[in-house]
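These figures come from a predicted structure and were not determined experimentally. Scope of the values below: all heavy atoms of this structure, side chains included, with no hydrogens, waters or symmetry mates.
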Amino acid sequence: QELVDGIVARMRRLAEAEGPGETEGERGLETEQQREQEQERQQEVEEEGEREQEIQIEKFVDLMHCRDNEEPEPWSIKTLGTSGAMPGQFYLARDFSLWKRQPLKSL
């Protein structure tokens with residue numbers, strides 16, 4: 001908002017400083033060009049803000065899926081040779097689920 005107010009003030013000063021030698025049409029063209037330039041600047045500022053916001057969201061998502069502090073859990077080879085009970089490092093297919101999703105109970 002401050003940027004827009006500053007530009008409006010500058011445009012008013014320019015309009016007041018224009019000499020009497022200019023025609024109404026020339027002043028109209030100049031003010032139209034100034035308006036278009038200002039709109040382009042505002043659009044660029046908005047786009048830059050949107051890009052920065054997208055970057056921040058991407059960084060947050062990357063941190064959310066980061067597994068740097070996790071250590072792998074080694075399997076005990078002894079459990080693979082036992083018969084009867086299922087080893088703890090395995091699970092049934094019906095219990096498999098994606099993150100924050102319900103498992104498929106129909107399997």
Residue from Glu32, Gln33, Glu38, Gln37 passing side-chain contact (heavy atoms from CB on, under 4.5 Å) with Arg35: Glu32
Quick check for you: to the nearest 0.5 Å, what is the distance between Ile7 atom CD1 and Gln42 atom CD? 6.5 Å
Glu48/Arg51 ion pair, N-O < 4.0 Å: yes
Atom CG of Asp5 and atom CZ of Arg10: how far apart are they, to the nearest 0.5 Å? 11.0 Å
Check whether any side-chain heavy atom of Gln56 sits under 4.5 Å from a side-chain heavy atom of Gln53, and report yes or no. no
side-chain contact (heavy atoms from CB on, under 4.5 Å) partners of Gln39, counting only residues at least two apart: none
